[in-house]
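Only heavy atoms go into these numbers, but all of them, side chains included; no hydrogens, no water, no symmetry mates. Order of appearance sets the numbers: ligands from 1, and atoms from 1 within every ligand.
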Amino acid sequence: MKLFYAAGASSLAPHILLREAGLPFALEKVDLMTKRWSGGDFNATNPKSYVPVLQMEDGDTFTECAVILQFVADLRPERGLMPAPGLRSRYQALEWLNFIGMEIHKNFITPERHGGVSANFLSKTAEGQQATRVRVAPRLAYVDEALRGRDYLMGSSFTAPDAYLFTMLTWARRLDLDLSPWRTLSDYSERIASRPSVREALAVEGPPHSLRP
Ligand SMILES: N[C@@H](CCC(=O)N[C@@H](CS)C(=O)NCC(=O)O)C(=O)O
(Lines give C-alpha, C1' and ligand atoms only; values in the text may rest on other atoms or scores of the structure.)
Protein backbone atom coordinates (compact mmCIF):
# COMPACT_ATOMS: atom_id res chain seq x y z
CA MET A 1 0.00 0.00 0.00
CA LYS A 2 1.01 3.59 -0.64
CA LEU A 3 -0.06 6.60 1.38
CA PHE A 4 0.01 9.92 -0.48
CA TYR A 5 0.64 12.59 2.10
CA ALA A 6 1.76 16.17 2.70
CA ALA A 7 3.75 16.97 5.84
CA GLY A 8 1.44 17.75 8.74
CA ALA A 9 -1.75 17.52 6.63
CA SER A 10 -4.75 15.35 7.54
CA SER A 11 -2.79 12.46 5.99
CA LEU A 12 -0.86 12.40 9.26
CA ALA A 13 -3.83 10.55 10.81
CA PRO A 14 -3.73 7.50 8.50
CA HIS A 15 0.07 7.66 8.64
CA ILE A 16 -0.06 7.26 12.43
CA LEU A 17 -2.68 4.53 12.16
CA LEU A 18 -0.71 2.49 9.60
CA ARG A 19 2.14 2.46 12.12
CA GLU A 20 -0.22 1.53 14.99
CA ALA A 21 -1.55 -1.32 12.84
CA GLY A 22 1.97 -2.54 12.06
CA LEU A 23 1.15 -2.73 8.36
CA PRO A 24 3.77 -2.43 5.60
CA PHE A 25 3.32 0.75 3.56
CA ALA A 26 5.21 3.24 1.41
CA LEU A 27 4.90 7.02 1.68
CA GLU A 28 4.56 9.28 -1.37
CA LYS A 29 5.02 12.97 -0.68
CA VAL A 30 2.71 15.37 -2.53
CA ASP A 31 3.50 19.04 -3.11
CA LEU A 32 0.14 20.69 -2.45
CA MET A 33 1.18 23.91 -4.22
CA THR A 34 2.05 22.29 -7.53
CA LYS A 35 -0.02 19.12 -7.12
CA ARG A 36 3.02 17.06 -8.17
CA TRP A 37 4.57 13.95 -6.66
CA SER A 38 7.57 11.90 -7.77
CA GLY A 39 5.28 9.99 -10.14
CA GLY A 40 3.95 13.13 -11.86
CA ASP A 41 0.52 14.77 -11.73
CA PHE A 42 -1.16 14.11 -8.39
CA ASN A 43 -4.56 15.09 -9.80
CA ALA A 44 -4.35 12.03 -12.02
CA THR A 45 -4.11 9.93 -8.84
CA ASN A 46 -6.83 11.87 -7.01
CA PRO A 47 -9.03 14.15 -9.15
CA LYS A 48 -10.34 15.61 -5.87
CA SER A 49 -6.85 17.11 -5.63
CA TYR A 50 -6.25 16.43 -1.95
CA VAL A 51 -4.46 14.13 0.45
CA PRO A 52 -4.80 11.61 2.02
CA VAL A 53 -4.98 8.92 -0.65
CA LEU A 54 -4.36 5.26 0.12
CA GLN A 55 -3.45 3.21 -2.93
CA MET A 56 -3.64 -0.58 -2.99
CA GLU A 57 -1.19 -2.90 -4.74
CA ASP A 58 -3.63 -3.27 -7.67
CA GLY A 59 -3.86 0.51 -8.13
CA ASP A 60 -7.29 1.00 -6.53
CA THR A 61 -7.42 4.06 -4.31
CA PHE A 62 -9.35 5.24 -1.27
CA THR A 63 -9.80 8.88 -0.34
CA GLU A 64 -11.54 10.58 2.63
CA CYS A 65 -9.63 10.49 5.87
CA ALA A 66 -12.39 8.95 8.00
CA VAL A 67 -12.86 6.10 5.52
CA ILE A 68 -9.15 5.40 5.12
CA LEU A 69 -8.83 5.23 8.90
CA GLN A 70 -11.60 2.61 9.11
CA PHE A 71 -10.11 0.63 6.27
CA VAL A 72 -6.67 0.53 7.90
CA ALA A 73 -8.09 -0.37 11.32
CA ASP A 74 -10.15 -3.21 9.83
CA LEU A 75 -7.10 -4.72 8.13
CA ARG A 76 -5.74 -5.56 11.59
CA PRO A 77 -8.83 -6.16 13.78
CA GLU A 78 -6.67 -7.79 16.47
CA ARG A 79 -5.08 -4.39 17.18
CA GLY A 80 -8.45 -2.99 18.37
CA LEU A 81 -8.09 0.26 16.39
CA MET A 82 -11.85 0.27 15.64
CA PRO A 83 -14.54 -1.69 17.48
CA ALA A 84 -15.90 -4.60 15.40
CA PRO A 85 -18.76 -3.91 12.94
CA GLY A 86 -22.15 -4.48 14.56
CA LEU A 87 -21.06 -3.49 18.07
CA ARG A 88 -22.69 -0.37 19.45
CA SER A 89 -19.22 0.97 20.19
CA ARG A 90 -18.47 0.81 16.44
CA TYR A 91 -21.08 3.48 15.88
CA GLN A 92 -19.75 5.54 18.76
CA ALA A 93 -16.32 5.45 17.12
CA LEU A 94 -17.93 6.39 13.77
CA GLU A 95 -19.68 9.25 15.51
CA TRP A 96 -16.25 10.55 16.56
CA LEU A 97 -14.75 10.10 13.10
CA ASN A 98 -17.66 11.98 11.58
CA PHE A 99 -17.56 14.74 14.17
CA ILE A 100 -13.83 15.23 13.72
CA GLY A 101 -14.16 15.20 9.92
CA MET A 102 -17.18 17.45 9.56
CA GLU A 103 -17.01 19.72 12.58
CA ILE A 104 -13.29 20.06 13.25
CA HIS A 105 -11.34 19.19 10.10
CA LYS A 106 -13.72 21.04 7.78
CA ASN A 107 -13.80 24.08 10.03
CA PHE A 108 -10.01 24.30 9.94
CA ILE A 109 -10.00 24.40 6.14
CA THR A 110 -9.99 27.87 4.61
CA PRO A 111 -11.89 28.91 1.49
CA GLU A 112 -8.72 30.84 0.42
CA ARG A 113 -7.11 29.46 -2.72
CA HIS A 114 -3.49 28.38 -2.28
CA GLY A 115 -2.86 27.15 -5.82
CA GLY A 116 -3.64 24.00 -7.78
CA VAL A 117 -7.06 22.67 -8.67
CA SER A 118 -8.92 22.58 -5.37
CA ALA A 119 -6.44 24.17 -3.07
CA ASN A 120 -7.56 24.55 0.46
CA PHE A 121 -5.86 23.81 3.72
CA LEU A 122 -5.02 26.08 6.68
CA SER A 123 -5.44 29.81 6.18
CA LYS A 124 -2.32 31.84 5.42
CA THR A 125 -3.74 35.23 6.43
CA ALA A 126 -4.14 36.75 9.91
CA GLU A 127 -7.89 37.33 9.33
CA GLY A 128 -8.42 33.82 8.01
CA GLN A 129 -6.56 32.28 10.91
CA GLN A 130 -8.61 34.30 13.41
CA ALA A 131 -11.83 33.21 11.69
CA THR A 132 -10.63 29.60 11.93
CA ARG A 133 -9.97 29.94 15.67
CA VAL A 134 -13.50 31.29 16.18
CA ARG A 135 -15.03 28.37 14.27
CA VAL A 136 -12.93 25.63 15.84
CA ALA A 137 -12.72 26.73 19.51
CA PRO A 138 -16.29 25.73 20.54
CA ARG A 139 -15.80 22.30 18.96
CA LEU A 140 -12.58 21.76 20.89
CA ALA A 141 -14.29 22.92 24.09
CA TYR A 142 -16.89 20.20 23.51
CA VAL A 143 -14.19 17.54 23.03
CA ASP A 144 -12.42 18.70 26.20
CA GLU A 145 -15.64 18.04 28.16
CA ALA A 146 -16.22 14.69 26.47
CA LEU A 147 -12.70 13.50 27.30
CA ARG A 148 -13.04 14.10 31.05
CA GLY A 149 -12.31 10.88 32.95
CA ARG A 150 -10.99 9.01 29.94
CA ASP A 151 -7.55 8.63 28.41
CA TYR A 152 -8.76 8.25 24.82
CA LEU A 153 -11.90 9.15 22.89
CA MET A 154 -13.26 5.62 23.16
CA GLY A 155 -12.20 5.12 26.78
CA SER A 156 -9.06 3.31 27.87
CA SER A 157 -7.47 2.38 24.56
CA PHE A 158 -6.18 4.24 21.51
CA THR A 159 -8.40 3.94 18.41
CA ALA A 160 -8.61 5.49 14.93
CA PRO A 161 -10.46 8.64 16.06
CA ASP A 162 -7.52 9.47 18.34
CA ALA A 163 -5.14 9.55 15.36
CA TYR A 164 -7.52 11.98 13.64
CA LEU A 165 -8.14 14.21 16.65
CA PHE A 166 -4.42 14.37 17.47
CA THR A 167 -3.73 15.58 13.91
CA MET A 168 -6.33 18.32 14.36
CA LEU A 169 -4.66 19.39 17.62
CA THR A 170 -1.35 19.83 15.78
CA TRP A 171 -3.20 22.26 13.50
CA ALA A 172 -4.63 24.09 16.51
CA ARG A 173 -1.08 24.62 17.79
CA ARG A 174 0.11 25.80 14.37
CA LEU A 175 -2.66 28.42 14.34
CA ASP A 176 -1.81 29.54 17.90
CA LEU A 177 -5.10 28.28 19.21
CA ASP A 178 -4.27 28.15 22.90
CA LEU A 179 -5.16 24.69 24.27
CA SER A 180 -4.18 25.53 27.85
CA PRO A 181 -7.74 26.51 28.97
CA TRP A 182 -8.73 22.95 28.05
CA ARG A 183 -6.59 21.01 30.50
CA THR A 184 -8.04 17.61 29.62
CA LEU A 185 -7.51 18.18 25.93
CA SER A 186 -3.94 19.40 26.31
CA ASP A 187 -3.03 16.43 28.57
CA TYR A 188 -4.64 14.16 25.98
CA SER A 189 -2.58 15.76 23.21
CA GLU A 190 0.65 15.15 25.16
CA ARG A 191 -0.38 11.54 25.88
CA ILE A 192 -0.90 10.84 22.18
CA ALA A 193 2.26 12.75 21.19
CA SER A 194 4.36 10.37 23.30
CA ARG A 195 3.27 7.26 21.39
CA PRO A 196 6.10 5.76 19.29
CA SER A 197 3.85 5.66 16.20
CA VAL A 198 3.19 9.38 16.49
CA ARG A 199 6.82 10.31 17.14
CA GLU A 200 7.94 8.24 14.16
CA ALA A 201 5.28 9.66 11.84
CA LEU A 202 6.10 13.26 12.80
CA ALA A 203 9.84 12.67 12.41
CA VAL A 204 9.45 11.04 8.99
CA GLU A 205 7.11 13.75 7.65
CA GLY A 206 9.25 16.66 8.81
CA PRO A 207 8.08 20.26 9.16
CA PRO A 208 4.74 21.22 7.59
CA HIS A 209 4.19 24.00 5.04
CA SER A 210 4.60 27.60 6.06
CA LEU A 211 1.40 29.39 7.11
CA ARG A 212 2.54 32.70 5.64
CA PRO A 213 1.20 33.98 2.30
N1 LIG B 1 -12.61 15.54 2.55
C2 LIG B 1 -11.19 15.26 2.60
C3 LIG B 1 -10.45 16.55 2.83
C4 LIG B 1 -8.93 16.34 2.83
C5 LIG B 1 -8.19 17.65 2.96
O6 LIG B 1 -8.72 18.64 3.49
N7 LIG B 1 -6.94 17.64 2.50
C8 LIG B 1 -6.16 18.86 2.47
C9 LIG B 1 -4.94 18.80 3.37
S10 LIG B 1 -5.41 18.46 5.03
C11 LIG B 1 -5.58 19.03 1.06
O12 LIG B 1 -4.90 18.15 0.56
N13 LIG B 1 -5.91 20.15 0.42
C14 LIG B 1 -5.52 20.43 -0.90
C15 LIG B 1 -4.63 21.62 -0.99
O16 LIG B 1 -4.23 22.20 0.03
O17 LIG B 1 -4.30 21.98 -2.11
C18 LIG B 1 -10.89 14.21 3.68
O19 LIG B 1 -11.64 14.15 4.66
O20 LIG B 1 -9.91 13.45 3.53
Side-chain angles (χ1 to χ4, degrees), residues 1-18 25 27-56 60-74 82 93-125 128-129 131-133 135-136 139-140 143 153 159-175 177 198 201-202 204-213:
M1 280 184 300
K2 266 184 195 169
L3 177 69
F4 290 81
Y5 80 103
S10 48
S11 43
L12 176 63
H15 184 182
I16 291 169
L17 208 68
L18 283 160
F25 65 97
L27 286 170
E28 295 292 355
K29 190 169 192 156
V30 179
D31 182 329
L32 291 181
M33 294 306 290
T34 60
K35 298 293 162 73
R36 310 282 304 170
W37 66 291
S38 66
D41 177 13
F42 174 63
N43 293 327
T45 304
N46 182 13
K48 292 174 178 170
S49 201
Y50 51 61
V51 294
V53 176
L54 190 67
Q55 189 171 52
M56 310 298 117
D60 262 5
T61 56
F62 281 114
T63 58
E64 304 308 318
C65 199
V67 173
I68 295 173
L69 290 170
Q70 288 176 66
F71 179 77
V72 168
D74 288 342
M82 276 297 278
L94 290 178
E95 213 179 329
W96 275 122
L97 287 179
N98 213 57
F99 179 81
I100 298 163
M102 303 297 294
E103 298 294 332
I104 302 182
H105 183 171
K106 217 56 202 167
N107 272 304
F108 264 116
I109 300 289
T110 177
E112 290 160 23
R113 304 313 257 178
H114 290 176
V117 173
S118 106
N120 23 37
F121 190 8
L122 300 179
S123 172
K124 293 189 175 193
T125 65
Q129 291 174 4
T132 306
R133 288 190 281 269
R135 285 194 304 269
V136 170
R139 273 100 181 167
L140 294 186
V143 180
L153 286 169
T159 59
D162 295 303
Y164 203 0
L165 177 59
F166 174 78
T167 300
M168 297 298 108
L169 296 178
T170 65
W171 292 4
R173 290 219 160 78
R174 291 183 65 201
L175 291 182
L177 193 80
V198 173
L202 289 171
V204 167
E205 291 198 7
H209 290 91
S210 157
L211 289 186
R212 296 214 193 87

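Taking CG from L169 and CG from L177, the interatomic distance works out to 9.5 Å, rounded to the nearest 0.5 Å. The distance from atom NZ of K29 to atom OG of S38, rounded to the nearest 0.5 Å, is 11.5 Å.
Inclusion of W171 in the set of residues having an N or O under 3.5 Å from an N or O of ligand 1 is not warranted. Remark: ligand 1 and S49 share no N or O pair separated by less than 3.5 Å (distance only, no angle test). Of the N or O atoms in C65, one or more lie within a sub-3.5 Å distance of an N or O in ligand 1. Ligand 1 has no N or O atom lying under 3.5 Å from any N or O atom of I109, backbone or side chain. Considering backbone and side-chain atoms together, K106 places no N or O closer than 3.5 Å to any N or O of ligand 1.
For the residue pair N43 / S49, a side-chain donor-acceptor distance below 3.5 Å is found, with atom types taken as modelled.
Here the side chains of P52 and F4 are not in contact, with every heavy-atom distance at 4.5 Å or above. Using a 4.5 Å cut-off on side-chain heavy atoms (C-beta onward), F42 and V51 make contact. For the pair L153 and I100, the minimum side-chain heavy-atom distance is below 4.5 Å.
Between E64 and K48 there is a salt bridge, with a side-chain nitrogen of the basic residue lying less than 4.0 Å from a carboxylate oxygen of the acidic one.
Against a heavy-atom cut-off of under 4.0 Å, L32 is close to the following atoms of ligand 1: 12 (O), 16 (O), 17 (O). Taking every heavy atom of P52 and a limit of under 4.0 angstrom, the matching atoms of ligand 1 come to 20 (O). Shown in contact with A9 at under 4.0 Å from a heavy atom are these atoms of ligand 1, numbered in order with element: 9 (C), 10 (S).
Counting only non-hydrogen atoms, the option in E64, H105, K35, M168 that gets closest to atom 17 (O) of ligand 1 is K35. Relative to atom 11 (C) of ligand 1, the option among F4, Y50, Y164 with the closest non-hydrogen atom is Y50.
Ligand 1 lies nowhere less than 4.0 angstrom from a heavy atom belonging to M33.
E205 approaches G8 most closely through the heavy-atom pair OE1-N, 2.8 Å.
The residue K48 has no part lying near ligand 1, judged by heavy-atom distances below 4.0 Å.
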